[in-house]
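Computed over heavy atoms, backbone and side chain alike; hydrogens, waters and symmetry mates excluded. Below, chains carry the letters A, B, ... as their sequence lines are ordered, and counting in each starts from 1.
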Number of protein chains: 2
Amino acid sequence: MVRTKVEIKRIEDKAKRHTTFTKRRQGLFKKAKELVKRCDAQAAVITFSLAGNIFAFGHPSVDSVVNRYTAAPEQDEEAEKKGEDGVVDEETKEDEETGMFEVPVKDMDMEELEKLNVAMEEMKKKVVDRINGIVSSSKNEEDLGLP
Amino acid sequence: MVRTKVEIKRIEDKAKRHTTFTKRRQGLFKKAKELVKRCDAQAAVITFSLAGNIFAFGHPSVDSVVNRYTAAPEQDEEAEKKGEDGVVDEETKEDEETGMFEVPVKDMDMEELEKLNVAMEEMKKKVVDRINGIVSSSKNEEDLGLP
DNA sequence: ATAGCTATGTTTAGTAA
DNA sequence: ATTACTAAACATAGCTA
């Protein structure tokens with residue numbers, strides 16, 4: 001059969017999901033390259049597959065775009081709230097509402113703040129490492145079936 | 001006239017270029033959202049128009065994807081011995097000595113980790129803002145004596 | 001995992017508002 | 001800056017290899 005109208009929701013079948021990821025990732029990168037070239041703009045695209053593979057594209061480079069974004073005074077975050085497929089925005093908002101850390105930053109003095117900052121840096125590394133660890137493990141599991 | 005075969009090169013006319021940028025940026029973001037939703041992947045897109053406007057989208061957040069990219073061990077490395085869960089163990093021990101965060105990162109699943117990551121991002125901003133606030137005020141006090 | 005195929009849904013250049 | 005319109009160009013689901 002040929003193509004039918006497709007609903008944008010999570011693909012349950014693992015193999016299909018990966019195939020679709022590969023195709024759509026290629027399409028996304030192509031679009032980004034066209035945008036950059038036709039409009040003389042700067043852009044970066046970073047993707048992680050569930051298997052943990054990293055794919056990134058950036059013009060003039062991923063790092064330069066990321067740095068510029070990080071250093072931007074005000075991040076407009078103009079990620080639309082139009083709610084077409086905007087499920088992602090809701091999830092992000094949900095995260096903001098979790099309020100995992102209710103530390104009274106306002107009342108801390110400089111010394112406390114510096115300690116807190118260092119502690120957070122270390123914790124952050126742990127979390128990222130843990131994420132990468134999980135991803136790597138699942139990647140290994142998937143690879144078991146391959147020759 | 002309707003559309004002709006288009007060559008992917010820089011659009012010289014400024015107004016046209018901006019119009020195309022707006023359209024194609026929207027298309028790019030839509031594609032990114034579909035990729036995230038259908039394939040359950042993480043992705044971030046950051047664009048700067050020539051006018052300097054920032055547009056960014058990320059799941060679960062721009063920062064988390066950027067940080068994960070920055071912290072990635074090696075770009076296309078196959079998961080080998082480093083992917084075991086035990087990576088975090090030593091640092092966790094160290095953390096207990098600090099006593100500031102007793103969060104059991106080791107036992108958290110992916111979803112929890114993502115939320116934690118986002119929560120830390122925001123907390124970090126608060127702390128940095130607070131530090132900047134202190135620095136600014138003390139700076140102002142010093143400035144009182146200057147011409 | 002990635003590539004070719006094809007029918008069909010989707011995006012977008014050109015234009016005007 | 002963004003939006004509506006339309007037809008041509010384009011991307012891609014479902015297959016196969």
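- Nucleic acid contact for A:Lys31: sugar-phosphate only, since backbone atoms but no base atoms lie under 4.0 Å from a heavy atom of the residue.
- The nearest whole Å value for the distance from the CD atom in B:Gln26 to the P atom in D:dA1 is 11 Å.
- Pair check for D:dA4 finds C:dT15; Watson-Crick or G-U wobble, both atom distances under 3.5 Å.
- Side chain A:Lys30 to base D:dA11: no donor-acceptor pair is found below 3.5 Å.
- Taking for each of B:Phe21 and A:Leu28 the nucleotide of DNA chain D with the nearest heavy atom, the 5'-most of the two is the partner of B:Phe21.
- In this structure, A:Ala15 and B:Thr19 both approach DNA chain C, and ranking their closest nucleotides by distance from the 5' end singles out A:Ala15.
- Inter-residue side-chain proximity for A:Lys33 and A:His59 is flagged as unmet; no heavy-atom pair is nearer than 4.5 Å.
- In this structure, the NZ atom of B:Lys14 is 13 Å from the C1' atom of D:dA1, given to the nearest Å.
- Protein atom CZ of B:Arg24 is 17 Å distant from nucleotide atom P of D:dT3, rounded to whole Å.
- Rounding to whole angstrom units, CD of residue B:Glu34 and C1' of D:dA13 are separated by 13 Å.
- Rounded to a whole Å, the NZ atom of A:Lys23 is 11 Å from the C1' atom of C:dT6.
- Side chain of B:Arg38 to main chain of A:Ile11: no donor-acceptor pair is present (N/O by atom type, distance under 3.5 Å, no hydrogens or angles).
- Within the 4.5 Å cutoff, side-chain heavy atoms of A:Thr47 are placed close to those of A:Phe21.
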